[in-house]
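To keep things clear, I will list the structure first and then write my remarks on it.
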Amino acid sequence: MAADAIAEMADVLAARASAWADDWYRRPGDGPVLGDDLFSEFVRQSFALDLSDFVAVPERYVRSVCEKSHEDTESVVAEVTKETALLLAGAEDVVEIDVEQEIRHQGYDEDIAAWAEAVRGWMMSSDVVSANIMEIVEVTNLSTVKV
């Protein structure tokens, strides 16, 4: 008897589905129009999940103050004056030159290729790999701006 009841309910649901499908095929559009309350009991509107049991609390990290003083280090860094820096750079005879004045007196006769060729030619002829700027100025007779 229960099986007959289930079979009859299945036949009724099959007939409804067939009617909906026929209606859907006959209508132009996106598909059958179903009421909002038809699937409301099957649709979940919100969901909450508590994951706090799965997350470990991080340990607090506290930075310690550096106990090393600057006098204890073996650093070679020190403050030097401009004259000392020029002596260390090997430019003992460097004369202060007003570069702005040099540029103003330069005019518009810039020929950078010729200046570069003059320096390159001197370096190749005297087999020099590196040179001081003042040495290049003295040998090539170019101004410091051109060099």
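Keep in mind that the numbers below use all heavy atoms, side chains included, and drop hydrogens, waters and symmetry copies. None of the values given here were measured: they were computed from a predicted structure.
In terms of heavy-atom proximity, Met134 sits nearest to Thr144 at SD-CG2, 4.3 Å.
In this structure, Leu49 shares a hydrophobic cluster with Phe47, Leu51, Phe54, the cluster being traced through Ile, Leu, Val, Met, Phe, Trp and Tyr side chains under 4.5 angstrom apart.
Taking hydrophobic clusters as Ile, Leu, Val, Met, Phe, Trp and Tyr residues chained together by side-chain heavy-atom distances below 4.5 Å, Trp20 does not share a cluster with Met9. Hydrophobic cluster membership is shared by Ile112 and Ile133, with clusters built from Ile, Leu, Val, Met, Phe, Trp and Tyr side chains linked at under 4.5 angstrom.
Qualifying side chain to side chain donor-acceptor pair (under 3.5 Å) partners for Glu117, counting only residues two or more places apart in sequence or in other chains: Arg120. Residues satisfying the side-chain contact (heavy atoms from CB on, under 4.5 Å) test with Ser52, not counting sequence neighbours, are Asp50.
Atoms CE and OG1, from Met123 and Thr140 in turn, are 11.0 Å apart once rounded to the nearest 0.5 Å. Taking CG of Asn132 as the reference point, atom CD of Glu138 lies at 8.5 Å (rounded to 0.5 Å).
A side chain to side chain contact (heavy atoms under 4.5 Å, CB included) with Leu142 holds for exactly one of Ile136, Val119, Val137; it is Val119.
Under a 3.5 Å cut-off, the side chain of Ser126 and the backbone N or O of Trp122 do form a donor-acceptor pair.
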